[in-house]
Amino acid sequence: MSVEPFDAVDVIRAKRDGGTVPEPALRWMVDAYTRGYVTDPQMASFAMAVFQRGMQRDEIRVLTDAMIASGERMSFAALGKKTVDKHSTGGVGDKITLPLAPLVACFGVAVPQLSGRGLGHTGGTLDKLEAIPGWRAALSNEEMFAQLQGDVGAVICAAGSGLAPADKKLYALRDVTGTVEAIPLIASSIMSKKIAEGTDALVLDVKFGSGAFMQDIDRARELARTMVALGTDSGVHTTALLTDMNVPLGLAIGNANEVRESVEVLAGGGPADIRELTLALAREMLALSGQPDADVERALDDGRAMDSWKAMIRAQDGDPDAALPTARETHTVTAPSDGFVTRMDALPFGIGAWRLGAGRARAEDAVVFAAGIDLHVKPGDAVRAGDPVFTLSADDAARFDRALDAVDGAWEIGAEHIERAPLVRERITA
């Protein structure tokens, strides 16, 4: 039996007391936890110490690198073209990946989007796309590379289990120990998978506000700066946009309805905020790929992005022209008076859609593709008494009461017109 070079208790004490954990000890801690030598209670104590005491930039770099080293590393060098990815910290109505990946691929850049499923009020990209008949999330590495190298150029698929397995284990532990919000742990979790993925460049969409993971803008900024530093230190060209998630993105919250809205954007229309953020992120991604002057707006309007979308969906056995699921039951809420929409909090609407069946409470739960909420107005819009404000959709009308409870008090009609806050607040670079 081999002798371990460090003791978990010593590592925990060092961080608990506000010290810096030496690099060899920190690397060992991650490896020993992945192997099962360090126990869940010990790693939970370490995670709580990090939550309370924080980490230095170099410690976060070492933690991230150790998590990467726990599994495989992919490389896209053989593709013969640049690769760029986007990661969003998630929010209500955030379907930006769907129009963004095919739009960027129009410019000869490979876009490998390894995505996940939704849990709680934030929707998952794979859940949305699985509303398309036949579409397949699970691809082999060979299928993914072929799709990126050929004419399609973009892929949205499930990440393999081989990337950063230490993160998968630690993520589950953080979820049940009250340490999810620790910025060093969030940053290392996201960036270990993105760096292991092997992309040349990465753009981060870091959200703040009521419907975001980080509600406070200062903490969202800290998270963005930490992740940009991690990417830069690892040789991945990384920038971040800090974006507002106090109001749902777009008008659709759900799965099938978010796909419909994404297709509207790809057709040159769609809600102004979805189009704005899609274009802003596309410009960032292409600038990092050496095309700062790419005319992304034209590609969205002249049909190229739509052609790219259809090719991407067909490549994964989906039918881009097939009818999407529709709900059996709907319920529309109307304005009680004339005036202007002054408030529409994102989080309650996300919870409402979840209660309708659009999300899952446990990883093994199924989602109802047709369930969700369609907004008819947003803050700043004028309404007359009786005008529709939003429509709930579900396969079971019994779900409406709990969804209505969730959004009760989350929106207001007032006499004064308000200006919408800017969607993109800051650009963060190394």
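Numbers for residues simply follow the sequence, beginning at 1. Treat the numbers as computed from the prediction; the structure is a model and nothing was measured.
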Would E264 and R275 pass as an ion pair if we require N to O under 4.0 Å? no
Tell me, yes or no, whether the heavy-atom count around Q56 atom CD, taken from other residues, nucleotides or ligands under 6.0 Å, exceeds 12. no
Identify the two heavy atoms, one from A256 and one from L324, that lie closest to each other, and give their separation to 0.1 Å. O-CD1, 3.8 Å
Under-4.0 Å salt bridge between R13 and D7: no
Salt-bridged, R61 to D58, with N to O below 4.0 Å? yes
Identify the heavy atoms of A154 and M312 that sit nearest to each other, and give their distance. O-CG, 3.6 Å
Quick check: are there more than 12 heavy atoms from other residues, nucleotides or ligands sitting under 6.0 Å from CG of D151? no
Checking M55 against K15 for the side chain to side chain contact (heavy atoms under 4.5 Å, CB included) test, could you report, in this order, the C-alpha distance in whole Å, the side-chain angles of both residues, the deciding distance, and whether it holds? CA-CA 8 Å; M55 279 183 149; K15 183 47 61 185; 4.2 Å; yes
Shortest non-hydrogen separation from I60 to T226 and the atoms involved: CD1-CG2, 3.9 Å
Side-chain heavy atoms of D273 within contact of K378, under 4.5 Å: yes
How close do T232 and A430 get, heavy atom to heavy atom, and via which atoms? OG1-CB, 3.3 Å
Within a reach of under 6.0 Å around CZ of R420, are more than 12 heavy atoms found that belong to other residues, nucleotides or ligands? yes
Compare all side-chain heavy atoms of Q113 with those of D85 and state whether any distance is below 4.5 angstrom. yes
Before you tell me yes or no, could you show the steps for N246 and Q215 under side chain to side chain contact (heavy atoms under 4.5 Å, CB included), namely the whole-Å CA-CA distance, both residues' side-chain angles and the distance that decides it to 0.1 Å? CA-CA 8 Å; N246 282 298; Q215 297 194 359; over 6 Å; no
Do the side chains of E72 and N141 get nearer than 4.5 Å, heavy atoms only? yes
Point-to-point distance, once rounded to the nearest 0.5 Å, from NZ of K194 to CG of L114: 6.0 Å
Are the side chains of R314 and V152 in touch, meaning some heavy atoms are under 4.5 Å apart? no
Report yes if the side chains of L98 and E258 come closer than 4.5 Å at any heavy-atom pair, otherwise no. no
Within this structure, what is the OG1-NZ distance for the pair T278 and K95, rounded to the nearest 0.5 Å? 9.5 Å
Distance, nearest 0.5 Å, that separates NZ of K310 from CD1 of I313: 11.0 Å
Enter the distance from M227:CE to I190:CD1 here, rounded to the nearest 0.5 Å. 4.5 Å
With the threshold set at 4.0 Å, does a side-chain nitrogen-carboxylate oxygen contact exist between R53 and D17? no
Show your working on ring pair (Phe, Tyr, Trp, His ring centres under 6.0 Å) between Y33 and F46 and close with a plain yes or no. CA-CA 11 Å; Y33 180 57; F46 180 70; 9.9 Å; no
Apply side chain to side chain contact (heavy atoms under 4.5 Å, CB included) to M48 and T177, showing your working. CA-CA 8 Å; M48 185 58 74; T177 56; 5.6 Å; no
Considering non-hydrogen atoms only, spot the tightest contact between S289 and K82 and give its length. O-CD, 3.3 Å
With salt bridge (charged side-chain N to carboxylate O under 4.0 Å, His left out) as the test, would you mind laying out the steps for D405 and R355 before giving the verdict? CA-CA 10 Å; D405 286 344; R355 289 182 177 178; 5.4 Å; no
Decide yes or no for V206 and R221: does some side-chain heavy atom of the first lie under 4.5 Å from some side-chain heavy atom of the second? no
Closest non-hydrogen atom pair between I373 and F349, with its separation: CD1-O, 3.5 Å
Could you go through the side-chain hydrogen bond (donor to acceptor under 3.5 Å, both in side chains) check for D374 and T391 one step at a time? CA-CA 5 Å; D374 288 289; T391 297; over 6 Å; no
Tell me whether R219 forms a cation-pi arrangement with F213, defined as NZ or CZ under 6.0 Å from the six-membered ring centre and within 45 degrees of its axis. no
If I take atom CZ from residue R73 and atom CD from residue E197, how far apart are they, to the nearest 0.5 angstrom? 11.0 Å
Short N-O contact, E4 and R35, less than 4.0 angstrom: yes
Side chains of V21 and M29 in contact at under 4.5 Å (non-hydrogen atoms): no
Looking at CG of L356 and CZ of F400, how far apart are the two atoms once the value is rounded to the nearest 0.5 Å? 6.5 Å
Answer whether the closest heavy-atom distance between the side chains of T97 and S88 falls below 4.5 Å. no
